[in-house]
Amino acid sequence: MSILNTEEQEQIAHAVSRAENRTSGEIRVVVENIAGDMTAIQKATQYFEELDMHKTVLRNGVLIYLAVVDHQFAIIGDIGIHSRVSEDFWELTKERMLPHFRTGDFLRGIIEGVHEAGEQLHHFFPKQEDDINELPNEVHFGKH
């Protein structure tokens with residue numbers, strides 16, 4: 001059983017595409033049922049490496065991770081972002097996602113997070129003329 005149906009996955013990929021149209025940043029979404037014996041931040045960090053998000057030219061990738069059954073999620077960004085922003089940079093994004101997750105509306109929560117991440121990235125990494133999409137936009141499903 002999939003956490004998100006095909007139409008919902010397409011809606012998220014479209015939201016990522018829209019967000020990335022305003023920034024040189026790259027956004028990925030990873031969804032799985034459980035984080036296992038790791039925290040959401042640890043899992044997000046693991047997927048960040050596995051998905052080669054640290055290999056973008058400007059090091060400005062953002063990963064949104066959600067473990068549905070565990071009720072955990074995390075947002076992490078690469079060093080290019082952290083070199084420009086404060087420690088609590090992603091708190092606003094998390095605060096916008098949380099009410100949707102609390103009601104079980106994972107689709108709306110993820111889309112809200114993608115939109116907000118795109119807005120934040122646009123501020124620090126506006127779209128450049130020569131910008132290319134370096135990473136896929138579709139949802140990546142974890143192993144658990």
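Only heavy atoms go into these numbers, but all of them, side chains included; no hydrogens, no water, no symmetry mates. Because the structure is a prediction, the values reported are computed rather than measured.
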(message) Taking side-chain contact (heavy atoms from CB on, under 4.5 Å) as the criterion, tell me which of Glu49, Gln42, Glu50 meets it with Gln46.
(response) Glu50
(message) Consider side-chain contact (heavy atoms from CB on, under 4.5 Å). Of Arg102, Lys94, His100, which one does Leu98 pass it with?
(response)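 Testing each of Arg102, Lys94, His100 against Leu98, the sole residue satisfying side-chain contact (heavy atoms from CB on, under 4.5 Å) is Arg102.
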Strictly distance-based, threshold 3.5 Å: is any side-chain N or O of [X] a donor or acceptor partner for the main-chain N or O of [Y]?
X     : Y      : answer
Arg59 : Ile81  : no
His82 : Gly77  : yes
Thr45 : Ile41  : yes
Thr23 : Gly118 : no
Gln72 : Ala40  : yes

(request) Among Glu20, Lys127, Arg22, find the residue that satisfies the side chain to side chain donor-acceptor pair (under 3.5 Å) test when tested with His122. (result)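 By the side chain to side chain donor-acceptor pair (under 3.5 Å) criterion, His122 pairs with just one of Glu20, Lys127, Arg22: Arg22.
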(request) Among His14, Glu7, Glu8, find the residue that satisfies the side chain to side chain donor-acceptor pair (under 3.5 Å) test when tested with Gln11. (result)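 Among His14, Glu7, Glu8, the one that satisfies the side chain to side chain donor-acceptor pair (under 3.5 Å) with Gln11 is Glu7.
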So, for [X] and [Y], which heavy atoms are closest and what is the spacing to 0.1 Å?
X     : Y      : value
Ile34 : Ala67  : C-CB, 4.1 Å
Gly61 : Thr56  : N-OG1, 4.0 Å
Val62 : Ala117 : CG1-CB, 4.3 Å

Measure the spacing between [atom1] of [X] and [atom2] of [Y] and express it to the nearest 0.5 Å.
X      : Y      : atom1 : atom2 : value
Arg28  : Tyr47  : CZ    : OH    : 11.5 Å
Glu10  : Glu138 : CD    : CD    : 11.0 Å
Leu66  : Met97  : CG    : CE    : 7.0 Å
Ile110 : Gln9   : CD1   : CD    : 10.0 Å
Arg18  : Asn21  : CZ    : CG    : 9.5 Å
Ile12  : Ile27  : CD1   : CD1   : 12.5 Å

(request) Sorted by first residue and then second, give each salt bridge (charged side-chain N to carboxylate O under 4.0 Å, His left out) pair with at least one member in residues 109-118; sequence neighbours left out. (result) Arg96-Glu112, Arg96-Glu116
(request) May I have the step-by-step check of side-chain contact (heavy atoms from CB on, under 4.5 Å) for Leu92 and Gln120, ending in yes or no? (result) CA-CA 10 Å; Leu92 176 60; Gln120 298 291 341; 3.7 Å; yes
(message) Does Val29 form a side-chain contact (heavy atoms from CB on, under 4.5 Å) with Val31? I'd like the steps, not just the answer.
(response) CA-CA 7 Å; Val29 175; Val31 177; 3.9 Å; yes
(request) Might you confirm whether atom NZ of Lys55 has over 12 heavy atoms from other residues, nucleotides or ligands at distances under 6.0 Å? (result)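 No, NZ of Lys55 has 12 or fewer neighbouring heavy atoms, counting only those of other groups under 6.0 Å.
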(request) Following the transitive rule for hydrophobic clusters with a side-chain heavy-atom cut-off under 4.5 Å over Ile, Leu, Val, Met, Phe, Trp and Tyr, establish whether Val114 and Val68 coincide in one cluster. (result)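 Result: yes, single cluster for both.
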(request) State plainly whether one hydrophobic cluster holds both Phe124 and Val16, where clusters connect Ile, Leu, Val, Met, Phe, Trp and Tyr through side-chain heavy atoms under 4.5 angstrom apart. (result) yes
(request) Pick out which of Tyr65, Phe101, Trp90, Phe106 makes a ring-ring contact (aromatic ring centres under 6.0 Å, His included) with Phe73. (result)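 The passing option is Phe101.
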(message) Going by the rule ring-ring contact (aromatic ring centres under 6.0 Å, His included), which residues pair with Phe48 if we only count those two or more places apart in sequence or in a different chain?
(response)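 With neighbours one apart ignored, the set is empty.
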